[in-house]
S.K.: 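Got a structure here, written out as C-alpha cells. Questions coming.
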Amino acid sequence: MATLGIDGTGQRLLRRLNPGPGGWQVGLATVATIGVALGLSALLIAVTGGSPTASTKALYQGSMASPAAWSTSLLYVAPLLLVAVGACVSARSGFFNIGQEGQVLIGALAGAWVGLRLAVPGPLLLVLVLLASVVGAGVWAGLSALMYRFRGVNIVVSTMLMTFLAQQLISFAVNTPWLLQESRLGRGTLSPQSNPVPENARLASLGDYPNLQLNGGLVLAVVVAVALALVMARTRWGFRLKMVGLNPATARHAGVRVGALGGIALAISGALAGLAGALLLTSPVGTNRLQPGMSLNIGWDGLLVALVARNNPLLAIPVAVLFGVLRAGGSFLAATGVPSFLVDVVKALLVLAFVAPPVVIGMLRRRRLADQPSTPTTAPPAPTAPAPTDPATGSAPAAGSAPATSAAPVPGPRTTAPPPADPGDAGTAGTKDAMEGRLA
C-alpha cells in the first residue's frame, strides 16, 4: 500500500471495500462518478454564463416533455443502437472497430445509389436499399480485415483512416452531376447533395404528429440487438467469438480460425453501421438525401454507447435511449444562451463516469494484492517411526532406557517346515496319477 501514497485511513477503507472488478463496489463508485459528472456539467454551464436549472429544463422539454419530443429522441435511438451493437460484436472478438462514422456514410452512399438508380415499385425498393447499405458497409469494413490479414495493418488504425476516405467519397459523389448530385431545376444553383429517395424507399412510422411516432427503424434496431445478444450468448459461434477475444492463441489451438472469425465480426460491425446510415437516409431523422454531413456523429456516439454498455447488446438499448435524449434535447440549449456543444462535454463526462469505476477499482485491487506480504509455506512434518517394543513384554521401553535388542534364538532340534501349498499342486498331482494309469 505504500506505493499508493495514501495514509492509514485510506488503507483501512480499501481493506473494507475489498475492491473488485464487479459487484456493489463498482455500482456505488459509478453512482458517485455520475454525480460528479453532473456537478461538473452544471459548473461548466454556470461558467459559460448559462443557468444550470434553465439548461436542464430545456433538455427535458426538447427530449421528454411531450410525445413529439419523445418521437424525436427515439428517432436518434435507432441508428445509435445499431452502431453500438455492431461495436459490441467486433469488440467481443478482439477486433476493435472505430471507423463507424465512415461506415455509416458508406452505407448511406450505397443505399442512395440503389434507391435513385433502380425503378422498383412497392416496398421492395426499401428492402433493396437496406440490403445495399448492409452489404456496402460490410465490404468496406472487411477491407480493414483484409489489410490486417495480408499486410499486418492495425485494425484500429485502418478503420479510423478509412473514415476520412469515406468522407471524401461522399463529397465526390454529391458534387459530381453524373454520379449522385441533385438534378438541376431551371437555373437554380446545385447543392452538394443528392435527390431525395422515393417515397416507397422510406421507412413508415406509426402515429401522427403531435402524438407519439414510432418509426420502423426503431423496431428493426431493437430486433437486431436482441437477436445478436442471443446469438452471442447461446450459440457455438458466440462462444468461439468470445474465445477469440479472450485468448486468440488458445482459440487457434482449439481449432478456431481466428483471422476468419475476427474478419467476419468486423464485417458484421460495419454492416450494422451501414444499416444505421440507411436509417438516416430513409427515416424522418434526416432530409432523405445523401449529404456530406448526414452522419451527424452517429458513428462516434454509437461507439460511446457500446463503451458505456460494456459491450453488452441488451444493455446498449437503455444507454442508446439516454444518448438519444441528450442529442434531441441539445438543440433546445440555444434558447437558454448555452452553446450546444456542451452536450458533447456532458456525454464525454458521462462516458468517463460509467467506464472509469471498474477500471480504477480493478487497478486498486491488483495493487492491494501485490502489496500484501507473502505468507511462508511450512513444510509438512516428517513422519516419525513407531516406538520399538520389548519382545519379552510386548510394551514400549521406559523413557531413558536403552532400546532392547532382539535376543539370539536358543539352539534346539531343527525341524524342517513343509513348503507352503501351491493352489496348482492339486491339479498337477491329479494329472500325474492319470498319466501313470495310462502307462500301466
Side-chain angles (χ1 to χ4, degrees), residues 59 61-85 101 104-105 107-116 122-134 137 170 174 180 182 191-225 272-299 301-302 305 317 320-332 334 340 343:
L59 282 173
Q61 290 178 346
S63 58
M64 296 182 291
S66 64
W70 267 112
S71 301
T72 304
S73 300
L74 294 178
L75 282 176
Y76 288 113
V77 169
L80 287 172
L81 181 58
L82 287 173
V83 174
V85 172
E101 186 74 9
V104 168
L105 291 174
L109 173 63
W113 174 269
V114 171
L116 296 173
L124 180 59
L125 182 60
L126 174 61
V127 175
L128 293 177
V129 168
L130 297 180
L131 288 177
S133 299
V134 169
I170 296 295
V174 297
L180 284 176
E182 65 175 350
S191 300
Q193 61 182 6
S194 70
N195 293 326
V197 294
E199 291 289 339
N200 59 334
R202 301 180 188 180
L203 288 165
S205 299
L206 298 176
D208 298 322
Y209 185 85
N211 298 322
L212 181 65
Q213 288 181 307
L214 294 179
N215 189 257
L218 179 62
V219 178
L220 179 62
V222 173
V223 169
V224 169
L272 292 179
L275 185 57
L279 296 188
L280 295 178
L281 181 69
T282 60
S283 67
V285 71
T287 61
N288 302 124
R289 297 171 181 263
L290 180 67
Q291 296 172 329
M294 67 175 302
S295 59
L296 303 173
N297 291 330
I298 290 291
D301 286 352
V305 171
I317 297 176
V321 173
L322 173 62
F323 275 71
V325 166
L326 291 175
R327 180 178 283 268
S331 58
F332 278 65
S340 59
V343 176

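These numbers come from a predicted model, not from an experiment.
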S.K.: Can you measure from CG (Leu220) to CG (Leu130) and round to the nearest 0.5 angstrom?
M.R.: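 One finds 7.0 Å between CG of Leu220 and CG of Leu130.
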S.K.: How would you list, by chain and number, every residue that makes a side chain to side chain contact (heavy atoms under 4.5 Å, CB included) with Asn297, sequence neighbours excluded?
M.R.: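 Listed in chain order: Glu101, Trp300, Arg327.
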S.K.: Quick check: does any side chain N or O of Ser73 sit under 3.5 Å from a backbone N or O of Ser63, one acting as donor and the other as acceptor?
M.R.: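 Between the backbone of Ser63 and the side chain of Ser73 there is a qualifying donor-acceptor contact (under 3.5 Å).
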S.K.: Determine which pairs satisfy salt bridge (Lys or Arg N to Asp or Glu O under 4.0 Å) with at least one residue from residues 198-207, sequence neighbours left out, and list them in order.
M.R.: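 Residue pairs passing salt bridge (Lys or Arg N to Asp or Glu O under 4.0 Å), neighbours aside: Glu199-Arg202.
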S.K.: Only one of Val77, Val224, Val104 forms a side-chain contact (heavy atoms from CB on, under 4.5 Å) with Leu82, so which one is it?
M.R.: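 That would be Val224.
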S.K.: If you look at every heavy atom in Pro196 and Leu116, which pair is closest and at what distance?
M.R.: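 It is O-CD2, 3.5 Å.
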S.K.: Look up atom CG in Leu218 and atom CG in Leu75, then write down how far apart they are to the nearest 0.5 Å.
M.R.: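 So the gap between those two atoms works out to 8.5 Å.
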S.K.: Quick one: pull up CG in Leu109 and CG in Leu180 and give me the separation to the nearest 0.5 Å.
M.R.: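 Reported to 0.5 Å precision, the distance equals 6.0 Å.
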S.K.: Supply the atom-to-atom distance Ser71 OG to Leu212 CG, rounded to the nearest 0.5 angstrom.
M.R.: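 So the OG of Ser71 and the CG of Leu212 are separated by 4.5 Å.
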S.K.: With sequence neighbours left out, what residues match Asn211 under side-chain hydrogen bond (donor to acceptor under 3.5 Å, both in side chains)?
M.R.: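 By the side-chain hydrogen bond (donor to acceptor under 3.5 Å, both in side chains) rule, Asn211 matches no residue at all.
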S.K.: What residues, two or more places apart in sequence or in another chain, satisfy side chain to side chain contact (heavy atoms under 4.5 Å, CB included) together with Leu131?
M.R.: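 Per chain and number, Leu131 pairs via side chain to side chain contact (heavy atoms under 4.5 Å, CB included) with Val127.
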S.K.: Is a side-chain donor or acceptor of Arg289 paired with a backbone partner of Gln193 at a separation under 3.5 angstrom?
M.R.: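 Not at all, since once roles are kept as given, no pair shorter than 3.5 Å links the two residues.
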S.K.: Could you name each residue pair satisfying salt bridge (Lys or Arg N to Asp or Glu O under 4.0 Å) that touches residues 212-222, not counting sequence neighbours?
M.R.: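 Output for this query is empty, none listed.
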S.K.: Is the closest side-chain heavy-atom distance between Leu272 and Val83 below 4.5 Å?
M.R.: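 Leu272 vs Val83: side chains apart.
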S.K.: Could you tell me whether a side-chain N or O of Asn200 sits under 3.5 Å from a main-chain N or O of Gly122, the two making a donor and an acceptor?
M.R.: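 Indeed, once roles are kept as given, a pair shorter than 3.5 Å links the two residues.
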S.K.: The criterion is side-chain hydrogen bond (donor to acceptor under 3.5 Å, both in side chains); which residues satisfy it with Ser205, sequence neighbours excluded?
M.R.: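 So Ser205 forms a side-chain hydrogen bond (donor to acceptor under 3.5 Å, both in side chains) with Asn215.
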